[in-house]
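Because the structure is a prediction, the values reported are computed rather than measured. Note: hydrogens, waters and symmetry copies are ignored here, and every other heavy atom, side chains too, is used.
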2 protein chains.
Amino acid sequence: MADINVTAKGTAVAGAAERPASGGAPADGPRLELAWDIIELLFFAYRDFVGDPDEVLSKLGFGRAHHRVLHFVNRNPGMKVADLLDILNITKQSLGRVLKQMVDQGYVLQKEGAQDRRQRLLYVTPKGEALALKLAGMQTARINRAIAELGPAAHESARRFLTAMIDADDREAVLRLIARADRAAQPRS
Amino acid sequence: MADINVTAKGTAVAGAAERPASGGAPADGPRLELAWDIIELLFFAYRDFVGDPDEVLSKLGFGRAHHRVLHFVNRNPGMKVADLLDILNITKQSLGRVLKQMVDQGYVLQKEGAQDRRQRLLYVTPKGEALALKLAGMQTARINRAIAELGPAAHESARRFLTAMIDADDREAVLRLIARADRAAQPRS
DNA sequence: AAAATATGTCAACATGGCTGACATAAATGT
DNA sequence: ACATTTATGTCAGCCATGTTGACATATTTT
């Protein structure tokens with residue numbers, strides 16, 4: 001995938017001459033050390049992380065949007081459409097498009113709410129679950145490979161780091177979501 | 001941003017009944033523990049990570065594509081168009097569109113290569129650099145906040161984890177890219 | 001001189017965001 | 001009982017950013 005080759009010859013030489021003096025504060029306050037390494041590693045890591053599922057999905061005529069829907073419905077069976085909209089942070093029109101496809105093709109089904117019959121509670125079908133698990137399996141394989149290289153403590157430290165990277169306001173809700181989904185969707189221990 | 005509220009009432013109750021028995025191997029081999037926590041944390045962390053710059057960019061009429069171009073050109077002054085294409089992994093037509101806008105609006109400039117005059121080497125202007133640094137500053141602020149919460153060892157462990165998450169084939173090239181850019185673009189210690 | 005390379009450009013198309021307007025059914029409030 | 005609010009869906013159109021294919025131009029390489 002993607003050869004990354006910023007050829008050493010020529011570029012650096014040519015570049016050295018006209019770089020503006022980049023030492024001053026760029027209107028942002030007193031110079032802080034920029035975390036270029038983490039910024040770029042996150043970019044490449046995320047790119048590869050979603051790249052595996054993307055390949056599988058594209059063969060099915062699906063995209064990343066479908067993946068997100070399938071993932072969260074699988075993890076939160078019986079969730080309301082409104083809940084999914086909040087998590088994905090997109091409009092109902094955008095969601096509607098992909099959701100309709102997944103329902104039509106038998107990956108997701110909607111059932112009228114028992115208490116509130118306006119609601120269309122979302123579930124994955126067995127077919128949908130199989131796909132969701134396949135995709136999660138690919139991502140897990142990558143994660144496990146990484147953790148295996150670094151030692152078992154890496155799981156906890158990655159979890160903490162990623163949690164701390166989330167907006168403070170949302171953190172609690174995200175952790176609750178994960179905890180609840182663990183109970184609801186994967187109840188075999 | 002995004003209230004995440006998968007309401008506890010109702011959904012779990014309704015959901016319990018028709019979940020298919022999800023214990024078996026889904027055609028993927030013997031059940032591996034799925035790393036749902038990391039998968040979802042990465043999703044939310046990345047969403048917030050790119051969210052800060054997105055807001056600033058949208059006010060300028062730019063999108064994430066512009067950010068990526070500006071970021072890598074700033075980090076690798078004098079890089080060739082072909083290098084940028086390899087890093088971004090998009091077509092020259094897609095790049096052309098956003099690159100043209102940034103050149104026209106004075107964020108990026110192109111200079112004929114000295115050795116090879118077919119090349120259009122890429123540089124940020126002072127205006128472009130200011131924006132690049134502003135965006136990187138926002139992302140750094142988030143990263144530093146996270147690391148501050150977790151202790152200084154978190155930087156190194158995050159770096160290792162993210163590196164290990166990258167495709168093994170690309171890892172070396174990515175690390176070289178980061179190392180080289182550190183020399184080329186931020187030569188003040 | 002011919003071929004390969006670096007870059008740019010035109011045209012058309014797909015995906016997945018968005019807004020605005022409107023429709024329907026069911027729950028809720030007075 | 002009737003009015004309002006809520007949950008969801010849908011139509012229509014726009015925008016950003018990815019794609020393919022074809023072709024143009026300048027320059028370097030063979």
In whole angstrom, give the distance that lies between atom NZ of K59(A) and atom C1' of dT15(C). 19 Å
Whole-Å distance between dG18(D) P and R47(A) CZ? 11 Å
Assign each of G61(B) and G96(A) to its nearest nucleotide of DNA chain D by heavy atoms, then name whichever residue's nucleotide is nearer the 5' end. G96(A)
dG9(D) phosphate, OP1 or OP2: any side-chain N/O from Q110(A) under 4.0 angstrom? yes
Decide salt bridge (charged side-chain N to carboxylate O under 4.0 Å, His left out) for R75(A) and D182(A); before the verdict, give the C-alpha distance in whole Å, the side-chain angles of both, and the deciding distance to 0.1 Å. CA-CA 8 Å; R75(A) 283 277 285 168; D182(A) 282 339; 2.9 Å; yes
No-H, no-angle donor-acceptor pair, Q93(B) side chain to dG21(D) base, under 3.5 Å: yes
Would you kindly compare Q101(A) and R120(A) by the position of their nearest DNA chain C nucleotide and give the one closer to the 5′ end? Q101(A)
When rounded to whole Å, the NZ to C1' distance for the pair K111(A) and dA7(D) reads 18 Å
Which class fits the ring pair F44(A) and F72(B): parallel under 30°, tilted 30 to 60°, perpendicular over 60°? tilted
Does R68(B) place a side-chain N or O at less than 4.0 Å from the phosphate oxygens OP1/OP2 of dG18(D)? yes
Does the base of dG18(D) carry an N or O that pairs as donor and acceptor with the side chain of R64(B) under 3.5 Å? no
Decide, yes or no, whether a salt bridge links R171(B) with E149(A) under the criterion of side-chain N to carboxylate O below 4.0 Å. yes
Between atom CZ in R117(B) and atom P in dA4(C), what is the gap in whole Å? 22 Å
Testing dT7(C), dA7(D), dA21(C) for proximity to the side chain of A82(B), the answer is dT7(C)
Can you find an N or O donor on one side and an acceptor on the other, under 3.5 Å apart, linking the side chain of R118(A) with the base of dT6(D)? yes
Of V98(A) and D116(A), the one whose closest nucleotide on DNA chain C sits nearer the 5' end is V98(A)
Rounded to the Å, how far apart are L121(A) CG and dA25(C) P? 19 Å
Quick one: is S94(B) getting a side-chain N or O under 4.0 Å of the dT19(D) phosphate, OP1 or OP2? yes
Start with the C-alpha distance between R142(A) and D167(B), add both sets of side-chain angles, then the distance that settles salt bridge (charged side-chain N to carboxylate O under 4.0 Å, His left out), and finish with yes or no. CA-CA 9 Å; R142(A) 179 180 296 273; D167(B) 278 353; 2.7 Å; yes
Using 30° and 60° as the class limits, which term best fits the ring planes of F62(A) and H66(A): parallel, tilted or perpendicular? parallel
May I ask you to evaluate whether H66(B) reaches the phosphate of dA16(D), defined as a side-chain N or O under 4.0 Å from OP1 or OP2? no
